[in-house]
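Structure first, then comments.
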Amino acid sequence: MSKSRIFLWGMLAFVAGVGIRSFVFVPYIVMWMVGVAAAVMFVIGVRQGSRAAWMGGLFAVALVLGVFRLDMAEYHRPDVSAWYGKNVRAEGVVWEAPRRDVVLQRMKIKIRAIDGVSLGEPFFVLAGVRPYPRYHIGDRVQFDGVLQQPENFSDFDYVSYLARDGIFLVTAFPRAEKTGEDTAWRVTVVLAAVKDAFESNIDTALPEPHAAFMKGLLLGERASLPQELVENFKVAGVSHIVALSGYNITLIGRNLMNLLLWCTAPFVISFWIAVAAIFLFVLMTGAAASVVRAGIMGILVLVARKEGRTHQMTNALAFAGAAMVFHNPYILRFDAGFQLSFLATMGLVYLSPHVEYWVVRVRSKLHSKLRSKLSFSDPKLSLERSLERAEDSPLPLQRIFIETMSAQLMVLPLLVYLFGAVSLVSPLANVAVLIAVPYAMAAGFFAGMLGFLWSAAAVVVGWGAWVLLEYQIRVIAFFAGIPFASVAVAGWVVWPLLAGYGIGFWRIWKNSSSRHP
């Protein structure tokens, strides 16, 4: 086994360890026993030249390290038990941009003082307050309310979900007021201010619900979307377009790269400009942790295209995922955005070449039948030429279909597990909608940026964005209105799906191993 494969399996073993600890508690004595046995196995394997022994020991060590990493995150939780059920007057700072809907805004507040006494170790509280007045990141707030320990739901570990963000106390509808602004300079506060101003420019350039739709496309903001539109997104299977996932950011980078290539820019220059654009886009949206992770995934897809050999991306993708899990081990189980983004990126990198092969093969066979009476060309040669031209195909519909199918096939088991439903119209709906998404995002971005300089020009550009958004809204409504567009699926279906996927990926892995030893 090559060094790259050893590295890959080591990363996977570490992530598996985090996953095991996410579901079951592992006593320290078990970790020590497995760790010692793994070390002994490694030493014996090295001394006796047994590759199976020392590799098994190495992977067992990585597994234990994964278990230990999440255990340390649990161990370092702040002790806030003294405040359970206490009615307090707390002072703190809004630490992240509040999440808003029509009836509530949820604020992550870093508490620095309680009842006038400064805390030696500040901690975070999730406060649910009424939607108005609006609070912003960096606001200093004071509230009177009861601090409660989070409680799990019957089918969801809500405590660990909040622990993902370092939150261990909640308070519902406290009497809150803004007392000032935090004087400590933080780049996230500056970025959030730019984001808020950009959103205001979008509101000026576009009417509703188009402005809300545009903010969803560009910024992942879904709070102001009409409920009817949200339901249509779900039924048509296009909800991902208003979530800043690795798939969406890949669309931004890849389309910018294609545009530069079409303008005859060198490939290397186009690649680095696209990477820089993703980096700036992540900053503009506030650089939230979920967006940063999505940006990393989007850049990895561009790197895969730059390298031209997707099998070389395996270690990079494994390292990126393992590094994110190491930084915050809770995301592996409790962050659906990370899970969907990572799987969609894997689909774009690994499945898209296979989907492309079959799509081009079907097209080639159809063309061969049409030409059979006029030509005696070799079908195999025709297929090979078609595959060589597929990447530079002037038909965006084929590329969108391939990428959509690749991403959706990869996330299908997780979607069934999370939501218990599958959209049957999703592939066609995505092709029809995504063809306009890059242009709508570009028009909306320019309209928002022009708003900083000249509002009238922003409104003019907004008209073009409105046409594209209106097209998408009508297309989504059409597909959502088709009978049985979305069907409920029983939870047990996940297991045969996973079995089928396992067989399929094993075959892909074997084929890849035979081609690239």
Side-chain angles (χ1 to χ4, degrees), residues 100-103 199 202-245 247-252 255 336-337 340 344 395-409 411-412 414-416 418-445 447-448 459 461-489:
R100 302 184 180 95
D101 55 38
V102 294
V103 296
E199 286 186 26
I202 294 294
D203 289 330
T204 301
L206 287 166
E208 293 293 351
H210 302 77
F213 190 6
M214 181 59 73
K215 286 185 286 187
L217 288 175
L218 290 174
L219 306 171
E221 294 288 342
R222 292 179 284 182
S224 56
L225 284 169
Q227 188 60 34
E228 180 182 0
L229 191 57
V230 172
E231 289 299 321
N232 286 345
F233 285 158
K234 292 180 181 178
V235 174
V238 296
S239 296
H240 61 87
I241 68 174
V242 288
L244 282 178
S245 64
Y247 181 48
N248 287 54
I249 292 182
T250 296
L251 284 177
I252 297 171
N255 281 285
L340 291 169
L395 296 174
L397 287 176
Q398 176 174 305
R399 186 173 63 251
I400 291 172
F401 178 78
I402 291 170
E403 292 178 351
T404 298
M405 290 301 299
S406 302
Q408 297 224 339
L409 282 172
V411 303
L412 178 60
L414 183 59
L415 290 176
V416 172
L418 292 174
F419 306 112
V422 174
S423 175
L424 301 180
V425 300
S426 178
L428 292 178
N430 273 274
V431 170
V433 171
L434 289 177
I435 192 172
V437 165
Y439 308 105
M441 293 177 71
F445 179 79
V459 172
V461 176
W463 292 342
W466 181 90
V467 172
L468 294 167
L469 293 171
E470 180 69 11
Y471 160 77
Q472 293 175 79
I473 290 173
R474 291 182 179 273
V475 167
I476 292 169
F478 167 77
F479 281 103
I482 296 175
F484 304 105
S486 179
V487 295
V489 179

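Quick caveat: nothing in here was measured; it's all calculated off a predicted structure.
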List the steps, then state whether side chain to side chain contact (heavy atoms under 4.5 Å, CB included) holds for F213 with Q472.
CA-CA 10 Å; F213 190 6; Q472 293 175 79; 3.9 Å; yes
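- Annotation: side chain of H210 is not in contact with side chain of M214 (no heavy-atom distance under 4.5 Å).
- For S426, the side chain to side chain donor-acceptor pair (under 3.5 Å) partners are Q408, N430, not counting sequence neighbours.
- The two atoms that bring A447 and G462 nearest to each other are CB-N, 4.2 Å, heavy atoms only.
- Considering CD of E208 and CG of L225, their distance stands at 8.5 Å, rounded to 0.5 Å.
- Scanning all heavy atoms of the two residues, the minimum distance from P209 to I473 falls at CG-CD1, 4.4 Å.
- Judged as a ring-ring contact (aromatic ring centres under 6.0 Å, His included), and not counting sequence neighbours, F479 has no contacts.
- Of all the heavy atoms in Y471 and I435, the pair that sits closest is OH-CG2, 4.2 Å.
- A heavy-atom distance below 4.5 Å is not found between the side chains of Y439 and V467.
- Between L218 and G444 the shortest heavy-atom distance is CD1-C, 3.8 Å.
- Here the side chain of E199 pairs no donor or acceptor atom with the backbone of D203 at under 3.5 angstrom.
- Of all non-hydrogen atoms in L217 and A440, the two that sit nearest each other are CD1-CB, 4.4 Å.
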Can you give each donor-acceptor pair under 3.5 Å made by side-chain atoms of residues 230-238, sequence neighbours left out, with the distance rounded to 0.1 Å?
from : atom 1 : to   : atom 2 : distance (Å)
E231 : OE2    : Q227 : NE2    : 3.1

